[in-house]
Amino acid sequence: MGRVAEEDERAFSELVRRYQGRITNLISRVLNDRECADDLAQEVFIRVFVHRRNYRRGSKLSTWVFTIAANLAKNEIRRRVRRRNWFSLDALQEVLHDSTSVLADPTEGRERTLEREQLQGEVGRAIATIPEKYRMSLVLRDIEGLAYEDIAVVLGIPGGTVRSRINRARSMLKRKLQPLMRKEAP
Amino acid sequence: MTNCSQAKRLFGDFWDDEVTQAEREWLENHFSACRTCRREYDELARALELAGSLPRHEASPDLLERVLARTRRVAPAPDRVSAPAARWVPATAAAALLLVTAAVVSPWLGLSPGRMGTGSARLETPRQPELVGTQVNVTTSPKSGDADAPPSASLFTDDGTVPDSLFDHRDDIEFILDPVTLNRGRRV
């Protein structure tokens, strides 16, 4: 990171290569939006570059990059919520689609054996319907595999709060996927 | 607290493999006795497996190029954190030292504060030059009919030496010579 701060383009390219996959995946899973994830990932690295001198040596580079990504993803979620509140009819349809036709009653009109892509789509949507503050913790922990301490740094909250949020998010995810799993089970 | 609620509190740590050996044995014993908790935990574990096994969304191949293209256009942002104080302290200290040195040395160089000052209180009206009249033996030889003509001063003094100047510069040189030396033997 020191070389990035000294305008070393090769070092910055290496940083982008190292984190672009994880950052894109994080944003994609938090937003459940593959297209937007790419644009936001680009924005993350632009911000890393612009604020490269604000990086404090000694702190973990990964948590700093993840912090920027998490903040941008949260901003995007809030922007969407505002837009959804404004266009309330669209929002209602989207919420109904998310909560009833896809997750709440997955037994209706579906084959017993779901294709893998369908299953993954369901799981992705289930994650996306978890409230944002729980969802972010869950994705950082159970998809990106960050340590609890690092998540606390990324989100700027105490370690105990991270644990309780992750426990709640896991319970929510389990409840959302329960119908699907019970259908799956023999 | 019932055994089941106590078991549920350990589900997360059990999944993260952050339970002690005693907790692990207790929970496994509980699972063998409580099918509900066993199923609850299995569903949690399955949900987390599904979440963890989602395919990773890779960055688009041209992401790096797009980022680099934009960073080349981005002007460097000014640091919001001010520069460390240590950078200007030495310069300020050097300037202060120079000023103190100048103040100490200036009397020895003959630069009195009165001459160096620029304030209006220090401004003095320029002293008109005075002829060295008393010592100079003015040999006037006015010609008749030329009474208004200025007297011509002889270049010789009483003791027969030639003065350096027709004007008395002793006060002037006081500023460039050591005042102690200059005042010694000076006529009051």
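Residue numbering restarts at 1 for every chain, and letters A, B, ... go by the order of the sequence lines.
- Ion pairing between A:E144 and B:R56 holds under the 4.0 Å rule for side-chain N and carboxylate O.
- For chain A, the nearby parts of B:L54 are the backbone and the side chain; heavy atoms of each come within less than 4.5 Å.
- Considering only heavy atoms from C-beta on, A:D38 comes within 4.5 Å of B:R66 through its side chain.
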Task: Check against salt bridge (Lys or Arg N to Asp or Glu O under 4.0 Å), A:R34 and B:E58 - done: CA-CA 9 Å; A:R34 178 74 185 79; B:E58 294 302 324; over 6 Å; no
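- Atom CZ of residue A:R47 and atom OG1 of residue B:T71 lie 15.0 Å apart, to the nearest 0.5 angstrom.
- Per-residue counts of heavy-atom pairs under 4.5 Å with chain B were compared for A:R22, A:R29, A:Q20; the largest is that of A:R29.
- For the atom pair NE2 (B:H57) and CG (A:D33), the distance works out to 10.0 Å, reported to the nearest 0.5 Å.
- Put simply, the side chain of B:F11 does not reach to within 4.5 Å of the side chain of A:N167, judged on heavy atoms.
- A salt bridge does not link B:D42 to A:K174: none of the charged side-chain nitrogens sits closer than 4.0 Å to a carboxylate oxygen.
- Ion pairing between B:E18 and A:R163 holds under the 4.0 Å rule for side-chain N and carboxylate O.
- Ionic pairing of A:R170 and B:D16 is present here: one or more N-O contacts between side-chain nitrogen and carboxylate oxygen are shorter than 4.0 angstrom.
- Shown here is A:K74, whose NZ atom has more than 12 heavy atoms of other residues, nucleotides or ligands within 6.0 Å.
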